[in-house]
Amino acid sequence: MSTTSVSPNALAINGGSPVRASLLPYGRQWVDEADIQAVVGVLRSDWLTTGPKVAEFEEAFAARVRVKHAVSFSSGTAALHGAAFAAGLKPGDEAITTPLTFAATANCVLYQGATPVFADISADTLNLDPEQIERRLTPRTRAILPVDYAGHPAELDAIRKIAAHHGLIVIEDACHALGAQYRGGEVGGIADMTVFSFHPVKHITTGEGGMVTTNHPQFAETLRRFRNHGISSDARQRHTAGQWHYEMVLLGYNYRLPDIACALGIQQLAKLDTNLARRREIAQLYAEAFREFPGVVAPAVRSEAKPAWHLYPIRLDLEKLTANRAQIFRALRAENIGVNVHYIPVHLHPYYRDRYGYKGGEFPVAEGAYERLITLPMFHGMSDQDVDDVIGAVKKVVGSYSR
């Protein structure tokens, strides 16, 4: 009877033993007993939604990012929609953004009946290239929506300079970048409006949730009304004043973040600095491991930026490999490393292809990056062993496909 032996170094996808016994996700929430008790406390209170925890969370958040106003929303997407509304986007208008983002960044422009216009990205940070923004400006441009990709701030000074020269509003999509810094300033008060997300894979979570920060009181007032059906007061304000009368002053939505979520957010916000420190530590371990490793290009960090590391996207140097991204992705998943890809460029989604006639090839830097990107696990709950497993799996897989 013959047996077939498998090399101890064989890839799991080829029958070898995986690096891990169970799947390590690319991101996940970290909730402790204090978080749970904070939520339980609200469940036992008189207010489950639009109560005191909303204002408490907003005030704490504004103080943390050093901005005058913070307005909470039911999701990051709802927050983007609110910012697009407050910016006054309407049919016939255009807003410039990056194709390398989650679809919500561009979709919020469509929600307002305006047109998202894509501009290509810088090859190092994968953020919007200011030179490409200049080329996409038209008389219809009303706003610029940079994205802080993976948590690395966009070129905010250059973008603000373009916006000031042309009378445009800057809406910074910082859903990846809570706690990031740009030229020593906190992300959150640099753009006209800045949008954050509290999805479970982010730096802090409220389950679902989002926030818009701004130093402009008129934007803040419009955002508060927009998230509450366009009504000029909320239920708690009327309860406190002992009156029932309210007026709808604009067409808004029910985008409120409830007290249950805000209680969780308050507790999570207190741990933000610790969470950021751990993510930065993991990023440094990855950077050191892959700095000289053939076939892997680690994310770039510019001198003026201190990233928040929501994601850790490596790029594959395919010219040095015998496999493409899809093969390496499958091989890493077989090793129980829950890699992901961020993102399919928005203009290549069927909806955008059908509506605007994109064929591919319009934004070569973004499209070329997409073909090489793989997101490694990055979340503050990762152990040192988790990090070692990711590094070991990447070296095992990429090394097996090296030329």
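Counting from 1, the numbers follow the sequence of the chain as shown. Bear in mind that the values here come from a model prediction, so they are computed numbers and not experimental data.
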> Considering residues at least two apart in sequence or located in another chain, which fulfil the side-chain contact (heavy atoms from CB on, under 4.5 Å) criterion with Asn215?
Replying inline: Val67, Lys68
>> Going by the rule ring pair (Phe, Tyr, Trp, His ring centres under 6.0 Å), which residues pair with His216 if we only count those two or more places apart in sequence or in a different chain?
In response: Phe219
Expected list for residues 25-32: side-chain donor-acceptor pairs under 3.5 angstrom, two or more places apart:
| unit_1 | atom_1 | unit_2 | atom_2 | d |
| --- | --- | --- | --- | --- |
| Asp32 | OD1 | Ala34 | N | 3.1 |
| Asp32 | OD1 | Asp35 | N | 3.0 |
| Asp32 | OD2 | Lys271 | NZ | 3.4 |

> Do the numbers put Arg279 on top of the ring of Tyr312, so that NZ or CZ is under 6.0 Å from the six-membered ring centre and no more than 45° off the axis?
Replying inline: no
>> Going by the rule ring pair (Phe, Tyr, Trp, His ring centres under 6.0 Å), which residues pair with Phe196 if we only count those two or more places apart in sequence or in a different chain?
In response: Phe61
> Under 3.5 Å, is there a donor-acceptor pair between the Thr125 and His152 side chains?
Replying inline: no
> Going by the ring pair (Phe, Tyr, Trp, His ring centres under 6.0 Å) test, which pairs reach into residues 82-115, not counting sequence neighbours?
Replying inline: His81-Tyr111, Phe85-Phe226
> Under a 4.0 Å N-O cut-off, is there an ion pair linking Arg136 with Glu94?
Replying inline: no
> Sequence neighbours excluded, which residues qualify as side-chain contact (heavy atoms from CB on, under 4.5 Å) partners of Tyr351?
Replying inline: Leu110, Arg355
> Cut-off 3.5 Å, side chains only: do Ser74 and Arg227 have a donor facing an acceptor?
Replying inline: no
>> Please list all pairs meeting salt bridge (Lys or Arg N to Asp or Glu O under 4.0 Å) that have one or both residues in residues 374-394, counting only residues at least two apart or in different chains.
In response: Arg20-Asp386, Arg20-Asp389, Arg278-Asp384
Let me have the donor-acceptor pairs involving side chains of residues 282-301, under 3.5 Å, with sequence neighbours excluded, atom names and distances please.
| unit_1 | atom_1 | unit_2 | atom_2 | d |
| --- | --- | --- | --- | --- |
| Gln284 | NE2 | Glu288 | OE2 | 3.0 |
| Tyr286 | OH | Pro377 | O | 2.8 |

> Which heavy-atom pair separates Ala180 from Gly151 by the least distance, and what is that distance?
Replying inline: CB-O, 3.6 Å
Quiz: residues 157-165 side-chain donor-acceptor pairs under 3.5 angstrom, not counting sequence neighbours:
| unit_1 | atom_1 | unit_2 | atom_2 | d |
| --- | --- | --- | --- | --- |
| Asp157 | OD2 | Arg183 | NE | 2.8 |
| Arg160 | NE | Ile190 | O | 3.3 |

> Taking only residues two or more places apart in sequence or in another chain, which ones pass ring pair (Phe, Tyr, Trp, His ring centres under 6.0 Å) with His203?
Replying inline: none
>> Under the salt bridge (Lys or Arg N to Asp or Glu O under 4.0 Å) definition, can you give me all pairs with a residue in residues 241-270, not counting sequence neighbours?
In response: none
>> Which residues pass the side-chain contact (heavy atoms from CB on, under 4.5 Å) test with Leu126, not counting sequence neighbours?
In response: Leu100, Ile121, Tyr149, Arg315, Ala369, Leu373
>> Checking Thr205 against Gln268: is there a side-chain donor and acceptor pair closer than 3.5 Å?
In response: no
> OH/Tyr401 to NZ/Lys396 distance, rounded to the nearest 0.5 angstrom?
Replying inline: 11.0 Å
